J.: 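Submitted below is the structure of interest, expressed as structure tokens.
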Amino acid sequence: MGERILLVEDDAQLGAQIVEHLRGAGFEPTWWREGRLLTSEGMPEVSLVVLDLMLPGTYGLDMLKALRTFSEVPVLILSARNDTLDKVRALKLGADDYMTKPFWPEELIERVRARLRRPMLQKVDAAVELGPLRVDLQTREVSVQGQLVELTRVEFALLAALARRPREAVTRQWLVEHVLDPEREGTERTLDVHVSRLRRKLGALHGVETVWGVGYRLVPGDGS
Amino acid sequence: MRLRLRLALTVVAVTVPVVAGLSLFQRSLRLSSQEEVLEATTLAQMQAGERERCEASPESWTVRRGPPPRDWPRGGAEGDRGPPGGVESGSPPPRGSSGDRGAFAENGPPPPRGPSGDRGGFDDRGPPPGGGPGRSGRAPPHIVHFPYDDRLVSRNPAAPVLDEELQRDARSGRGVVVRRSTLEGRPVLDVLLRMPWDGGPCAYVLARRIASPDAPIEGLPPPEVLLVPLLAVVAVLVAVGPVIRRVRQLTGEVRASAVSRYQQPVSVRGNDEVAELARAFQEAGAEIQSQLSQQEAREQALRDFLANTMHDVMTPLTVLQGHLSTMQQQAGRGEGMEPGVMTSAMGEAHYIASLVHNLAAAARLEAGAPQVQRAPVDLNAVIARVLGRHQPIARRKKVSLVSGVPEAPVIVNGDVTLIEQAVSNVVFNGIHHGREDGHVAVVLESTRQGRFHLRVIDDGPGIPEEERSRLLERSFRGNAARTRGVEGQGLGLHITHHVAQVHGWTLTLSPSEYGGLEVGMEGEMSGG
């Protein structure tokens, strides 16, 4: 069974939809239809809370305030009113993210996943493994399917920069400024040349993806 | 409580204890001076010849004092005994004295009102040394003397028997013993003096002072002193009169100003606290007036918002209803859903959501600066939320929507809702006006100079140059600005422009290197 999520939402239709989508995404939702004053005893064991603000019973921000006195569980706020004060207050009280209604169910699921993924991202790993690719940031060794690949200094710096933020697009400008030597031909065209050399060395399963309009990102390579 | 009454009570509350305290002090001074005078005069008289008289006839001795009455025979030639000596020599007791109380010989002329009480022995001793019948015309007090021997026994039968405590005090070596008591309601001061000689029937002399019956009650201040609080109250009431008049005038003006919705000024002249209060009211009135006009502006913005919402939302809602109806009919006929209709329906719903957010933002922007709530805003998170919101519709329209942000969060100071709406509008336009299989990219970069640069690039049809400048100039109040259509940019870009202005950012529209539009926003990052 997936991770448990507490949903606090008074609207029956919206609540049912969210529960259904969370289940569909492999989560195990618990649904409260009204606000309750949270205590450490009354709080179910969950990995994330999706909290509506306008609730009968206890107001959402009061629940958040009470929750933060005993728990650091991530909280995603659902704000019906598009009100800045509410959002700022919620973030100050320790909310991790908020969504304004209306929202797409897919968006909610993505947000929940991103929030649950965050602690893993924060781990400082010496080595990054992505599909067949393994980049050891300390020993500066790169291997594809266990085979060591020899890279130049710039190529390794380029790969390492992408590997530090796997699946995230890194802008070409940033790469030019931080990877290339500004003294010697630090242009985006040079960057593209280095990228194409890197891809060639890593082989068909390279995983270095061009992101339209942005730059490059590292994904688990499938050779496509 | 009214101001005058409060002041009067305060004055009374302050002056009464002061007067009472002063009276008590005066009384204690008077009492101690009575003791001292009685002690000193008695001693002086005894040393000035009364000792011999006393020792000669202690059973009938009394102090001779003052000039002898004219109608009495002068006894000076016959001896040392003075006029009162008549008593001592067996002459009948004077008027007002009973025979058996001969010892209480008269020291002066009889009191004007005859015997005072049944104790005729308490004779007046005549006017006090100051002369005249006392300052208020009252009779002077009686003073009588009684001799006692070493054993504190008097040979004078009229002498009061000394109580044990008095005797003990006298024997304990104290030269003077003072007692106060009352006799028939009249205060009595007894001073028992030990004479500066030993032995004899007059070793001790008791000097007794009995206040006259019409003496003022001890402890009560004189009536003129009692007038002080009253006079103070009157003085205060007279003094605060003009102040109260000014306060009343101010009250009237403040009421009138409130009735005129604080447009009529409050104009109490002068340089005192009341005028200062008037100025404070004037300032408060101005503040209220300013808040009232802001409130009116907000209400007007709300009314406009409602009107615009009605106008703008109804059309796409109608289209959405049409699509839903088509889908229901298709489902009823058992036909499969037509993807085009569904995507279009989703697009309409998306448009409505975007429109309502924009109308809300427009209402806030029109209501003025106080509606913009500034706080640190994480632009990376804003971009993530905007992409999340538009990703579903972008996917269905087969538009690739991507972003690239720096690893460290880019923080700016601003209104998170408005900023999010501004970015959202540009992304929405990119998707809405983009071609199928097109791209929209959001790129955020930060410079070392503490500035950020946010670009939204698309490869759509772009906007001709003359149209670009016109788009930013047009006020979003105009109906034309909200024209819905394929080529129209709607309300969104104007709101983006206005939000950028409010935050002090520059907004640029330029052709992108991919053939579409590049919308750039540049501004200061927050210190963090």
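Protein chains get the first letters and strands the later ones, always in sequence-line order, with residue 1 at the start of each. FYI, side chains are in, hydrogens and waters are out, and symmetry mates aren't considered; it's all heavy atoms of this structure. The model shown is predicted, which means the values in this text are computed figures rather than measured ones.
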J.: Heavy-atom cut-off 4.5 Å, strictly under: side chain, backbone, both or neither for A/Val170 against chain B?
T.: neither

J.: Assign the ring pair B/His432 / B/Tyr351 to parallel, tilted or perpendicular, where the plane angle (0 to 90°) is split at 30° and 60°.
T.: parallel

J.: Under 4.5 Å heavy-atom distance to chain A, tell me which part of B/Ala375 shows up: side chain, backbone, both or neither.
T.: side chain

J.: Looking just at side-chain N and O atoms, do A/Thr210 and A/Arg199 make a donor-acceptor pair shorter than 3.5 Å?
T.: yes

J.: For A/Thr187 and A/Thr190, test the side chains for any donor-to-acceptor distance below 3.5 angstrom and give the result as yes or no.
T.: yes

J.: Test A/Leu53 against every option in A/Asp86, A/Leu64, A/Val8 by the side-chain contact (heavy atoms from CB on, under 4.5 Å) rule and name the one that passes.
T.: A/Asp86

J.: Tell me, side chain or backbone of B/Glu518 under 4.5 Å from chain A's heavy atoms, or both, or neither?
T.: neither

J.: Does any heavy atom of chain B fall under 4.5 Å from the side chain of A/Glu110, the backbone, both, or neither of them?
T.: neither

J.: Between A/Glu106 and B/Arg395, is there a side-chain N and carboxylate O pair less than 4.0 Å apart?
T.: no

J.: Which region of B/Asp458, side chain (C-beta onward) or backbone (N, CA, C, O), has a non-hydrogen atom less than 4.5 Å from a non-hydrogen atom of chain A, or is it both or neither?
T.: backbone

J.: Charged N to carboxylate O under 4.0 angstrom, A/Arg164 versus B/Glu407?
T.: no

J.: Quick one: what part of B/Ser403 sits under 4.5 Å from any heavy atom of chain A, side chain, backbone, both or neither?
T.: backbone

J.: By a 4.5 Å heavy-atom criterion (distance strictly below it), what part of A/Lys101 contacts chain B: side chain, backbone, both, or neither?
T.: backbone

J.: Verify the distance criterion only: is there a donor paired with an acceptor across the side chains of A/Lys87 and B/Thr417 at less than 3.5 Å?
T.: yes

J.: Chain A heavy atoms under 4.5 Å from B/Pro376: which part of the residue, side chain, backbone, both or neither?
T.: neither

J.: Would you call B/Asp437-B/Arg435 a salt bridge at under 4.0 Å N-O?
T.: no

J.: So what's closer than 4.5 Å to chain A heavy atoms on B/Glu445: side chain, backbone, both or neither?
T.: side chain

J.: Non-hydrogen atoms of chain B under 4.5 Å away: do they reach the side chain of A/Thr84, the backbone, both or neither?
T.: both

J.: Considering only heavy atoms, which portion of B/Val377 lies under 4.5 Å from any heavy atom of chain A: side chain, backbone, both, or neither?
T.: neither

